[in-house]
Each structure stands twice: as structure tokens, then as C-alpha cells.
Amino acid sequence: MLDSPEISDAEYDTMMRELKALEDEHPELLTPDSPTQRVGGKPREGFVKVPHSSAMLSLDNALNETELRDFDRRVRDLLGGEEFHYVAELKLDGLSLAAHYREGQFAQAITRGDGATGEDVTENARTIRSIPLKAGRASLEVRGEVLLNRRAFEKLNAERMAAGQPPSPNPRNAAAGSIRLLDPKIAASRRLDFYPYFLFPAPATQTETMEALTSLGFKVNPHWRVCTDVGALLEFCDEWERKRDSLPYEIDGVVAKVDRADQQQRLGWTAKAPRWAIAFKFPAQQKETTIVGVRFQVGRTGTLTPVADLEPVSVGGVVVSTSTLHNQDEIERLQVQINDRVLVERAGDVIPKIVRKVADGNNRRPIEMPTACPVCGGEVVRAEGEAATRCINTNCPARLKESILHWAARGVMDIDGLGDALVDQLVDTGLVKNVTDLYGLRLEALVDLERMGKKSAEKLLANIERSRRAPLPRLLNGLGISFVGERTAQILAETFGDLDKIAAASEEELQKAEEVGPKVAGSIRRFFEERHNRSLVEKLRAEDFSFTYAITRKTGALTNLTFVLTGALPTLSRDDAKVLIETAGGKVAGSVSKKTNYVVAGEEAGSKLDKARELGVAVIDEARLLELLG
Ligand code: IVH
């Protein structure tokens, strides 16, 4: 049933809004497993590492029929002639996740990580609709695969491209990136899916596991089958290798598992993988074609990327007509030239890669990196030790367009309505020469542009205006420093708390931040040493962007509680109280509403106190606040 939803996404959204309004009105009706609790969580500072209850192992591979038969022989030998069955399942091309339920309530989700410890991604997992928030009444652990179906993947990539970001190479990468997003609201918009295949406490067989998971309300992948021998297993593999393109998501093989848990126990595990299961991997899908030309794209950091135009060819249900050649090193490694015959491969990747040259073409022409930028004609250089050739003109329109699109992207400044076509016009007409020019745009100038009505111009200006309030991590991400994406930006903002401190920090100081190594630190330093970038920072300061960032603790005694301060407290200044509350994970709001948990009242408390009484919000004094803080 979960496989074919009864209502559309739009209907779901409407019903959600109604439920949310109802719960706002009657907070006593709100339960932890209410669907409204899927979204909500605030952006996190990073992920906490948590140990797994037992190692999340990977699987040994069988790459062909012989290897699968070898596996079957080993199993038969080890079981000493005893009868047994296999369960054959699709090998879903996603990432594994462990979901924990306490007394039936969804409590925690952990990524696989290194198998022994993973990252706590509970808030993001909560946004996945196929992870039930309630599953029976017992405490359980469910493991399975998180994935993005082809439609959701295509939608995500279309959005990324419209925002000038590079597309994600495959659904698996996109799913992995999405589950590790720091903002659960963005994660929710990605429409991830979860297919479980493991339950603890473990039923007596894998068949029962799949059945139990189904009745607990999980979306179990329907394409699994009991196979009584290796012949049946091979048939299942054959069948799905043929039908894989008809599925709405990617699979990269078949997993065969010995059905009975007691037999699994007897077969046991090696250090890396169970002896009772194997992954039969489908071969990568490959086709031959010809390189008909090579273009060079200029990215946000000025990198020139050679892109091969190919004679269109269908590879695994997808027509392939281009392939990136990455950089000069890759061209040399492949020894390819224009007009050569090449083998292209899609290994789960929508963007194919050139595996190797098959034959030299007639009239073959060498692929040469341009000596001038194909967009601005400016100087290009290849730094020593770097694979990339870059256009060094910071005013290159290609770089500028890319950096504006990045600035406007979702998760960065979130400026809706600022897409490709508009950015082209803004740059080409000279209205925007750097991102801060966006903040000086006027309605009259905008309505003169093509395809721009008054309404949409007004909306755009409002969106641009709103983006001024973006917190420091987003601003940092928006600067487009190489190797500084959403996650690193968040970490830097938390560690230094101030853009000026980051800009002034030495490479050693920068490396004190978690996950920042020499490469990232070097890139940050170089960025802030560059004259145009420093002037950009000053322009942003003049536009009143927030350069500081208050570090909020992830969890503490006051997590999820909202306070309002009013009147003079006996010992704490208002700022001290605020810092204490925020450090313990709480929030301090400016006005009292139904969402306020406590009003902390001191002497001469005024209207806020009246409001609290009117709404029935708890009123406490400083002493009680200090007690709550522990
Ligand atoms: S069972 C100890 N079943 O494949 C055995 N894994 O290459 C645990 N995978 O890490 C894995 N579909 O992420 C199992 N039906 C399936 C699967 C599956 C995909 C992934 C899983 C695992 C990897 C091993």
C-alpha cells in the first residue's frame, strides 16, 4: 500500500497544514508520532557519532554465475547437507540506515558510517514518510536502505541546475547527501524513501522478517522471493538484470540470504561480511560511441572543465550524449582525442564516464586546454600540483553568473525566482557586477527585463531583501570558497562565531575547526587574501549582513523549550540569562505566544506577564530558571 500512495503530494501537503493548524489551536492533542512532527526540527550544527548495537557489515560480492555457484557450494558444505532456502532480494542502490524504536516510537536513526559507529541523523530520517513514527509497541531496530527514486532524483538535479549547482552524479550520492543535510526542512523536500530488510529482535527466518516489517507498517520492497536452490537464485538475478530499468529506482544487483536464522548463526560471519549472504552484482552498463567534439565549461571558481560531446547512444535506458573529461590529467590518462571510439559506462551514475579508448578515429584531433578563457578571453592558469586549469579573472561573466546562482541557491541564500535566465540578463546588462549589487536592484530596472512582470519583480525583491537576514553559515557558504559547502560553513561559523575572525585566521588556526584539513584551510586563506574577495566582504558588511553567529548547543536541559524574559532579574542580566538558556539548548523569544513554554519574570515585569497569564503560559522566577538549568 505504501508503494502506491492513496493521495497526491499536494493533497498530503494540504492535509498537513490543516492538522498543523488544529494542533496549534489544541496543543494537548499533539502526539510525538503525529505526522507534523516529521518536519520541524531546527538546523543542526553537525552530527553526533553513535555506536551501532551490532556492526553494520557489508556483503561479499559475486560478479558472475561461477562466483554465485561457489558461494552456494560453500553454504551447502558448511550446512553439511541439511536442507535450506534462500531469500532473494533486490540490491537497492542507496545507503544503509539503522532506525531504532523505543516502545514502538521512532527514537533514533543512525547512518552506517564505518560500520561500527555512524552519525545520528534522527531529525532528517523523521522526515522520510516511509519510516513510520510508530511501529508496534515493542523496542526494535530496523535496518534498511535509504534511497531516492529516479523521479525525485531528476527533480533534485533540475533544481540544482536551475540554481547553477553541479548536478549530483547518481541517486545514491544524492540520497547520502540528503540524509546528512544539516537542515531537516531541506531534507524533507528531497522525498527520500526507506526500504527495510532487517529486524531486531530477529524472527526465525528472513521471510518472517519481511512479513513482520510489512505488518509493522514499513514499506517493504515487494520484489523478493524464496528460492529453493541456486538455479532459482540465478533465474531471479537474470530476471531483474533484464527488468532493472523498469523500476522507479536504481538497483545494482541481487542479495541472496540464507532464510533460517539458526542456519545463519551456524554459517557465521567473517570480519567484514556474513557467510550466509552474498551480493550478486550486475555488470556496469557499457556501450561504444564516438567523441565528436569537446567544449569547456567555466565554473564558479573559474575551473575549466572539458566536456566531451558524444554520438548519442542508449546505455541502460538512458540516452548519453555528453561525458565529463574532468581535467587535463584525465585526458592524458585516457589518451583520447576527438573522433576516437570510446567505451562509456553507467555504473549507477546517470552521468556516464568514459572508461577507455576502443580505437583511434579517422582524422583524430588532440584535445587542447584553451589558452584563454572561452567566456571572457581572460588569462587561464594551471597552478602547480593542481589538476584544474582556471580562469583567473574574478570578473569573468561565467564565474560571476555561477557565483550569483550559487548565492541564490536553496540552502544558501534561498532567493526564489533568481534562476539561470534572469541571472544571464542581470549580468549581461551590467546591472549586477557582484552579489551585493542584488541588494541595490530597483523595481524599475527589473520590470524592463525580458519575461519579468511587476508582480514577479516585486516578489523577487522581497526574496532578495529577506535573504539579508541569512545567518552566518549561509553567508559563508554563499561566498563560494572552494571546498567550503554547507557543512564546513556551519562548522566554521560555530567554531569562530565571527566572519572577521575566520577571514583573519591563519591556516593553523583554521585547522583547529573540526573536519578542516590543510586543503580546506589553504583554500579559505587564499580566498580572503584575494583583493576582490576582501572588497566583497566589505560590501557585505556595508549591506548589514550578520557577520557573527551565536553558538547554540544541540541538546541540553532546555532543548526544545522557548523562554521569554521580562522585567529585571535579581542577579542575571538579560544577556546572561539568554546565553545560559541558549547554551542549554533553549530558545529565547521576544514575545509571548502559545508556543512559549516559560516566561521568566523579574521586577517590574509588564505586559508580557499579563499576556502569559492570559494564555496560561507558565511564569517562573530566576531561581526556578536556575533550577531548570541544573
Ligand atoms: S543485507 C549483513 N539486503 O548493500 C548484511 N543489503 O553491499 C546486511 N543493500 O551495506 C546487508 N539492498 O547497504 C542487504 N536487500 C538488501 C540490500 C542491501 C542493498 C546494501 C546495504 C549493504 C550493502 C552491501
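Just so you know, ligand 1 is whichever comes first in the structure, and atom 1 is the first atom listed for that ligand. Just the heavy atoms: all of them, side chains too, but no hydrogens, waters or symmetry mates, feed the values below.
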Quiz item: Would you say Leu95 touches ligand 1, if touching means a heavy atom closer than 4.0 Å?
Solution: no
Exercise. Consider ligand 1: state whether an atom of it lies below 4.0 angstrom from any non-hydrogen atom of Met56.
Key: no
Quick check on contacts: which atoms of ligand 1 are under 4.0 angstrom from a heavy atom of [X]?
{"X": "Glu89", "value": "3 (N), 15 (N), 16 (C)"}
{"X": "Ser96", "value": "10 (O), 13 (O)"}
{"X": "Pro274", "value": "2 (C)"}
{"X": "Glu145", "value": "9 (N), 13 (O), 19 (C), 20 (C), 21 (C)"}

For [atom], which protein heavy atom lies nearest, and how many Å away is it?
{"atom": "atom 12 (N) of ligand 1", "result": "Leu92 N, 3.1 Å"}
{"atom": "atom 8 (C) of ligand 1", "result": "Leu57 O, 4.0 Å"}
{"atom": "atom 23 (C) of ligand 1", "result": "Lys91 NZ, 4.0 Å"}
{"atom": "atom 17 (C) of ligand 1", "result": "Tyr197 CE2, 3.5 Å"}
{"atom": "atom 3 (N) of ligand 1", "result": "Lys257 NZ, 2.9 Å"}
{"atom": "atom 24 (C) of ligand 1", "result": "Leu59 N, 3.6 Å"}

Quiz item: Using 4.0 Å as the upper bound for N to carboxylate O, is an ion pair formed by Lys155 and Glu159?
Solution: yes
Self-check item: Salt-bridge criterion met for Arg346 and Glu250 (N-O under 4.0 Å)
Solution: yes
Quiz prompt | Inter- and intrachain pairs under ring pair (Phe, Tyr, Trp, His ring centres under 6.0 Å), touching residues 107-148, at least two apart | solution = none
Examine the proximity of ligand 1 to [X] and report which part, side chain or backbone, both or neither, has a heavy atom under 4.0 Å away.
{"X": "Arg143", "result": "neither"}
{"X": "Asp93", "result": "neither"}
{"X": "Val255", "result": "side chain"}

Quiz prompt | Val146 side chain near Ile128 side chain, heavy-atom distance below 4.5 Å | solution =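 Side chain of Val146 against side chain of Ile128, heavy atoms only: contact under 4.5 Å found.
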Establish, from distance only, whether the side-chain atoms of [X] and [Y] form a donor-acceptor pair under 3.5 Å.
{"X": "Tyr197", "Y": "Asn221", "answer": "no"}
{"X": "Thr205", "Y": "Arg260", "answer": "no"}
{"X": "Asp259", "Y": "Thr207", "answer": "yes"}

Quiz item: Any chance the rings of Phe218 and Tyr101 have centres within less than 6.0 Å?
Solution: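 Yes; Tyr101 has its ring centre under 6.0 Å from that of Phe218.
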Quiz item: Centroid-to-centroid, Tyr249 to Tyr195, below 6.0 Å?
Solution: yes
Exercise. Pick out which of Val142, Leu192, Asn124, Ile131 makes a side chain to side chain contact (heavy atoms under 4.5 Å, CB included) with Leu97.
Key: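 For Leu97, the side chain to side chain contact (heavy atoms under 4.5 Å, CB included) test succeeds with only one of Val142, Leu192, Asn124, Ile131, which is Ile131.
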